[in-house]
*Asks:* 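Below are the structure tokens for one structure; questions will follow.
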2 protein chains.
Amino acid sequence: MSLRMALLGLLTSSGPASGYDLTKLFESSINHAWQAKHSQIYPELNKMAADGLVTVEEEGPRGRKTYTITGEGARELREWLIGKTPSRLVRSEGALRAFLLPTLEPHEAVALLRTEAEVYGARLAKLEALRERKTAHHGAQDPADVSARFGKYALDLGIRQARVMSEWAEETAAEIESSIRS
Amino acid sequence: MSLRMALLGLLTSSGPASGYDLTKLFESSINHAWQAKHSQIYPELNKMAADGLVTVEEEGPRGRKTYTITGEGARELREWLIGKTPSRLVRSEGALRAFLLPTLEPHEAVALLRTEAEVYGARLAKLEALRERKTAHHGAQDPADVSARFGKYALDLGIRQARVMSEWAEETAAEIESSIRS
DNA sequence: ATCCGCATGTAACAGGTTACATGATTCA
DNA sequence: TGAATCATGTAACCTGTTACATGCGGAT
């Protein structure tokens, strides 16, 4: 269901779009929370059309099909968001590595954590720059800028999460290091 | 690979264990970062034995097989942790919902966020209580307490992440609410 | 004796990734 | 005219979930 809901969300926020467009939108936004390639998105859109959640309103060059969300599609999305008790399961290789950390020699764990801290720190800086650019634009209403309307809260969450990862890695490295010396 | 590495990690930290044991260990620890049921774990252990990463050292009652990690298994785990550039992909329904939030009416989004804040707040409290219990025990070295040695850093990360989610949900709800009024 | 927990497995399905395959349009 | 990008699709494979299936051992 998650993929389906993600696509309905993108169609709601960005308006009618092709599978190709949606694949790129996916990559540049929802990808932080969920992943899917075009090879999964195209068949899913066909199924969604068969289920009446989207319609093909327009066929363009190169067989391009432009999908539009239907009333039923919007209802499904809303129902999924509001009606369902949310699963808070997370699959994260980064968190898994946290569990596996104690299987390493302390000095190796420290090295690993320092690298991670750097990676997440870089990610944090990138996301913060992105937010800066967005809030700077604030006055210039660009209705075509999907990510501006779409990703505001998600971006904020992403920033907080990146910060947590980098702080955790840095502080844990320091803690292990000091316990080596003692 | 992730499941395989998780199992090698559990075998390293807890010592020899059966598939049944590992399934339960999985549920009570790594489950926060990765999920797998016994129906996936049993076949994987058989494959790992075929690949020489674990051996069955002992067969007990009810067909119980006790798996022990081999040198090669330990090497594989270490290599995976240190040698590989880590993927930081995350699949999280919670984060996905953050992206879909703007598709709701503001008052609906606020209600959803308040519920989430509560759920993550409760989770945070539970994890913090768990940490408390652990640090209280500090003097009492219980070598059988796997989670004590295994999950220290992971638990700390989990606490930080739960805190971020609940704070984000609460603050975002407040922000949307104030923007409704204006 | 009966029930619960231990203990292992398989099969069918759902969800996702990688690789293969094809062809149209645009721009330089 | 050649390269890049647009645009869609399928097939094989891997990973994970749900459901089915079976039986032993210990406790009351």
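We name chains A, B, ... by the order of the sequence lines, and we start the count at 1 in each one.
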*Asks:* Could you check which of C/dG9, C/dT25, D/dT8 has an atom nearest any side-chain atom of A/Pro61?
*Replies:*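 Of the candidates, C/dT25 comes closest.
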*Asks:* Please pick, from D/dG16, C/dA7, D/dT18, the nucleotide with the shortest atom-to-atom distance to any side-chain atom of B/Leu3.
*Replies:*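 Selected nucleotide (nearest to the side chain): D/dG16.
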*Asks:* Round to a whole Å and report the spacing from CG of B/Asn46 to P of C/dT8.
*Replies:* 10 Å
*Asks:* I'd like to know whether CD of A/Glu118 has more than 12 heavy-atom contacts from other residues, nucleotides or ligands below 6.0 angstrom.
*Replies:*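 For A/Glu118, atom CD is not crowded (no more than 12 foreign heavy atoms under 6.0 Å).
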*Asks:* Starting at atom CD of B/Gln35, determine the distance to atom P of C/dG15, rounded to an integer number of angstrom.
*Replies:*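 Checked: the CD to P distance equals 15 Å.
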*Asks:* Provide, to the nearest angstrom, the distance between the OH atom belonging to B/Tyr42 and the P atom belonging to D/dC20.
*Replies:* 19 Å
*Asks:* Roughly how many Å is it from CG in B/Leu45 to P in C/dT8, rounded to a whole number?
*Replies:* 9 Å
*Asks:* The side chain of B/Lys24 is closest to which nucleotide in this list: C/dT18, C/dC6, C/dA7?
*Replies:* C/dC6
*Asks:* Looking at the side chain of A/Asp21, which of D/dC24, D/dA7, C/dG16 is the nearest nucleotide?
*Replies:* D/dA7
*Asks:* Is B/Asp156 salt-bridged to B/Lys152, cutoff N-O under 4.0 Å?
*Replies:*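 So B/Asp156 does not pair with B/Lys152 through a salt bridge.
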*Asks:* Spell out, yes or no, whether B/Trp80 and B/Leu10 are grouped together once hydrophobic residues are joined by side-chain heavy atoms under 4.5 Å, including indirect joins.
*Replies:*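 Same cluster: B/Trp80 reaches B/Leu10 through Ile, Leu, Val, Met, Phe, Trp or Tyr contacts under 4.5 Å.
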*Asks:* Is the phosphate of D/dT15, meaning OP1 or OP2, less than 4.0 Å from a side-chain N or O of B/Trp34?
*Replies:*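 No, outside the criterion.
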*Asks:* Tell me whether the side-chain N/O atoms of A/Gln40 come closer than 4.0 Å to OP1 or OP2 in C/dG15.
*Replies:* no
*Asks:* Between D/dT18 atom P and B/His38 atom NE2, what is the distance in whole Å?
*Replies:* 12 Å
*Asks:* Provide, to the nearest angstrom, the distance between the CZ atom belonging to A/Arg91 and the C1' atom belonging to C/dT17.
*Replies:*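 To the nearest whole Å, that distance equals 14 Å.
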*Asks:* Is it true that atom CZ of A/Arg88 has more than 12 heavy atoms of other residues, nucleotides or ligands lying nearer than 6.0 Å?
*Replies:*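 Counting neighbours around CZ of A/Arg88, 12 or fewer heavy atoms of other residues, nucleotides or ligands fall under 6.0 Å, so no.
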*Asks:* Less than 4.0 angstrom from a charged side-chain N to a carboxylate O is my criterion; do B/Arg97 and B/Glu93 meet it?
*Replies:*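 Salt bridge: yes.
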*Asks:* Could you state the atom-to-atom distance from NZ of B/Lys65 to P of C/dC6 in whole Å?
*Replies:* 19 Å
*Asks:* How many Å lie between OH on A/Tyr20 and C1' on C/dA24, as a whole number?
*Replies:* 13 Å
*Asks:* Name the closest nucleotide to the A/Arg62 side chain, picking from C/dA24, C/dT17, D/dT8.
*Replies:* C/dA24
*Asks:* Less than 3.5 Å between a donor and an acceptor, one on the side chain of A/Ser39 and one on the base of C/dT18, is that the case here?
*Replies:*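 Such a pair is found, so the answer is yes.
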